[in-house]
Structure formats: structure tokens, C-alpha cells
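Only one structure is covered here, and it is reproduced in the block below.
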Amino acid sequence: MIPASFEYFRPATLNEAVDLLSSKEDAKILAGGHSLVPAMKFRLAQPKTIIDISRITDLSYIRETNGQIQIGAMTTHHLIESSDLLKQKCPLLSETASAIGDVQVRNRGSIGGSLAHADPAADWPAAILALDAELVIAGRDTQRTVKAPAFFVEIMQTALQPNEILTEIRVPVTPKSVAYVKFAQKASGFAIAGVASCIDKQTNSVRVGITGIAAKPYRATAVEEALQGRPLTAASIADAARKAAQGVDPLNDIHASAAFRAHLAEVNTRRSLELANSR
Ligand SMILES: Cc1cc2nc3c(=O)[nH]c(=O)nc-3n(C[C@H](O)[C@H](O)[C@H](O)COP(=O)(O)OP(=O)(O)OC[C@H]3O[C@@H](n4cnc5c(N)ncnc54)[C@H](O)[C@@H]3O)c2cc1C
């Protein structure tokens with residue numbers, strides 16, 4: 001339970017952090033530490049250098065500019081859960097944050113850390129996909145944006161390169177017809193099946209993001225297409241939800257079999273869409 005030894009740096013600015021990340025051997029970012037520290041204690045991760053970004057205050061913010069919400073990567077789950085701006089302008093984020101772990105986890109864990117870690121059972125990816133978010137990534141003298149579906153590459157793998165830092169998450173201001181429904185693993189709260197829905201009642205279109213079911217989170221495009229332009233009724237939603245696990249390979253582990261996960265994907269997609277539609 002004791003991590004391998006490492007060099008520790010605590011930069012005060014993002015520039016300093018990306019410089020260190022590019023120049024130090026086998027370096028890893030430390031954000032809230034809720035996933036990295038346990039991995040280091042079990043020696044599943046043995047970075048030679050730790051770059052602690054938790055005191056870079058410029059990476060913790062929630063603001064609105066021209067109809068877009070911007071959230072700094074170091075913003076904790078708790079700040080997102082309790083933000084009045086988000087409750088008004090992007091309630092899916094507040095709702096998802098409140099479903100994560102417990103008070104300690106929400107106080108310490110960051111949205112950027114969770115997304116960069118890409119745990120297949122993490123909650124944020126469902127909302128990030130349903131909101132069609134953009135992720136801002138910084139390297140030394142570079143900045144690029146990646147759309148949410150391209151960010152999640154494989155199990156615990158993202159579009160981030162080893163010398164890059166996720167700095168910001170951007171989502172549009174969204175209507176109130178949203179919902180996040182999850183079937184949680186009892187001990188940790190991690191998602192066995194988490195479904196985020198966004199309904200645009202003006203264009204009669206939906207976006208559905210699903211986490212926990214497969215090695216990487218996904219947009220349930222078969223569900224979205226089945227509902228495109230159709231009136232949202234109990235019957236049309238139930239019909240479309242049957243396609244929730246279409247084209248994906250559900251995980252099979254001690255928490256749930258592949259067949260059970262596929263079933264949960266359907267049930268929670270239906271519940272999530274019905275709840276969003278009622279709002
Ligand atoms: C008991 C417990 C229960 C939990 N329950 C849940 C739950 O119900 N739902 C859920 O979704 N999560 C849950 N979590 C995970 C929690 O949400 C963590 O916050 C999250 O996994 C990682 O965030 P962090 O800020 O702690 O990142 P860290 O642990 O510091 O970092 C995680 C990984 O991301 C990298 N990283 C971090 N930030 C950046 C960045 N800005 N740019 C590039 N790379 C970066 C690190 O190098 C590391 O590899 C739980 C954790 C614990 C300990």
C-alpha cells in the first residue's frame with residue numbers, strides 16, 4: 001500500500017505544468033488524486049514524476065460566455081453540483097455531479113481528472129456525450145479542442161497525449177428537459193449503467209450518452225435515430241430504448257453480466273428519456 005518513490009512538483013500555472021509534463025521523465029498529472037493515488041498505492045501506476053495541478057486556481061471555474069458554459073478541468077464535482085449557474089443553464093451537469101460517489105469524493109475529485117482517467121464506470125462521460133461537449137487540451141505552446149465522442153478512445157484511454165493536459169470542458173446552454181439515471185455499484189457508487197438524456201422539444205430531437213455498459217462510453221445513436229422527428233410518447237420511448245446497447249459489446253464482470261448490462265441499458269434509457277420528457 002506504499003507507492004513507489006517519485007519526484008513531486010506543484011506548479012502555480014498551467015504553462016509551468018505543461019513545461020514540466022514535456023520535460024520530466026514518465027510524468028503524470030495529479031488532480032484530486034482519488035483515482036491516481038489508489039492506483040499508485042497498488043503499484044498499478046508507478047510514475048517517476050508527479051505534477052500536482054490541484055493548486056492552479058486558473059483551472060477551477062464555471063462561467064458562461066455567449067451561450068456556452070466553460071468549466072475548468074480542476075473544478076470539483078461538488079462545485080458543479082452546487083453551482084447556481086449550472087442549475088439554471090445546464091442542469092444535467094448538476095444532476096450528474098450529485099450522483100457521483102459520496103461527499104468526500106465530490107469535494108476532492110475533479111471533472112477533468114475523471115474524464116482524463118476514462119474509467120468505464122465513471123458518471124461524467126454520459127453527460128459529456130449527451131451535451132455534445134468540447135474538450136480543450138493544452139500542450140507546450142499548443143491548444144486543441146476535441147469533441148466528446150473522439151475524446152474517449154478505449155478503456156482508460158483518451159485522446160490526450162502523454163504531454164498534454166485537459167484544461168476546459170465546454171457545453172452549450174441547454175434546456176431543462178434533461179435527466180441522468182444510473183444503476184450504481186453499491187459500495188462505490190460507480191455506474192454499472194448510467195444514462196444521460198437531453199431532449200430538444202423545439203426540434204424534436206434527443207441525445208443520449210451511456211456509461212458503464214461497455215469498455216468506453218458511447219452516444220446511443222440507434223436510440224436517437226429511432227426518435228428523430230417522432231412524438232415522444234411512452235410507446236415511442238420504450239420502442240427506441242430497446243436499441244440502447246445496439247452495436248456495443250457489453251462488459252461482463254463481477255458486478256454484472258453482459259446480458260444484465262444490456263438489459264440495464266434499455267431500462268435506464270427508457271427511464272432517463274421519460275424523466276427528461278416530463279421536465
Ligand atoms: C470511494 C470512491 C468512490 C467513487 N465513486 C465514483 C462514482 O460514483 N462515480 C464516478 O464517476 N467517479 C467516482 N469516483 C472517482 C472520482 O470521481 C474521481 O474524482 C475521479 O476518478 C478522478 O478525478 P481526480 O480529480 O481524483 O483525478 P486523479 O486521480 O488525480 O487523476 C486521474 C487520472 O487522470 C489524469 N489527470 C487528472 N487530471 C488531468 C488533466 N486535467 N489533464 C490530463 N490528465 C489528468 C491523472 O494523471 C490520472 O491518470 C470515486 C472515487 C472513489 C475513491
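Start at 1 and go down the list; that is how both ligands and their atoms are numbered.
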Protein residue, atom and distance nearest to [atom], heavy-atom basis:
atom	answer
atom 45 (C) of ligand 1	A116 CB, 3.4 Å
atom 3 (C) of ligand 1	S188 O, 3.4 Å
atom 11 (O) of ligand 1	D123 N, 2.8 Å
atom 31 (O) of ligand 1	L36 CB, 4.0 Å
atom 14 (N) of ligand 1	F190 CZ, 3.1 Å
atom 18 (C) of ligand 1	H34 CB, 3.8 Å
atom 49 (O) of ligand 1	K28 NZ, 3.3 Å
atom 46 (C) of ligand 1	I29 O, 2.9 Å

Worksheet entry | K243 and E225: CA distance, side-chain angles, deciding distance, salt bridge (Lys or Arg N to Asp or Glu O under 4.0 Å) verdict | CA-CA 10 Å; K243 302 175 193 289; E225 281 161 18; over 6 Å; no

Worksheet item: Quick one: which of G194, A187, G113 has a heavy atom closest to atom 27 (O) of ligand 1?
Response: G113

Worksheet item: Out of G212, G101, A118, whose heavy atom is nearest to atom 7 (C) of ligand 1?
Response: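 Among G212, G101, A118, the closest heavy atom to atom 7 (C) of ligand 1 belongs to G101.
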
Discussion item. What I want to check is whether the side chains of S54 and D52 have a donor and an acceptor closer together than 3.5 Å.
Written reply: yes

Worksheet item: Going only through I, L, V, M, F, W and Y residues with side-chain contacts under 4.5 Å, is there a path from I69 to L135?
Response: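 Linked, I69 and L135 end up in one cluster.
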
Location of contacts on [X] toward ligand 1, heavy atoms closer than 4.0 Å:
X	result
I53	side chain
Q185	neither
M74	neither

Quick check: does [X] get an N/O under 3.5 Å from an N/O on ligand 1?
X	result
S110	yes
A122	no
R108	no
L160	no
G109	no
A73	no

May I ask whether [X] has any heavy atom positioned less than 4.0 angstrom from an atom of ligand 1?
X	answer
D102	no
V105	yes
E168	no
H77	yes

Item to complete: Check R219, R207, R230 against E224 for a salt bridge (charged side-chain N to carboxylate O under 4.0 Å, His left out) and give me the one that passes.
Response: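 The option that passes is R219.
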
Fill in: Heavy-atom pair with the smallest gap, counting every atom of P120 and A214
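Closest pair (atom of P120, atom of A214, distance): CB-O, 3.6 Å.
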
Practice prompt. Could you grab the distance from atom CG of L85 to atom CZ of R63, nearest 0.5 Å is fine?
Written response: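 Atom-to-atom, L85:CG and R63:CZ are 11.5 Å apart.
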
Fill in: Check: D132 and K147 side chains under 4.5 Å, non-hydrogen atoms
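Yes. Closest side-chain heavy atoms under 4.5 Å.
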
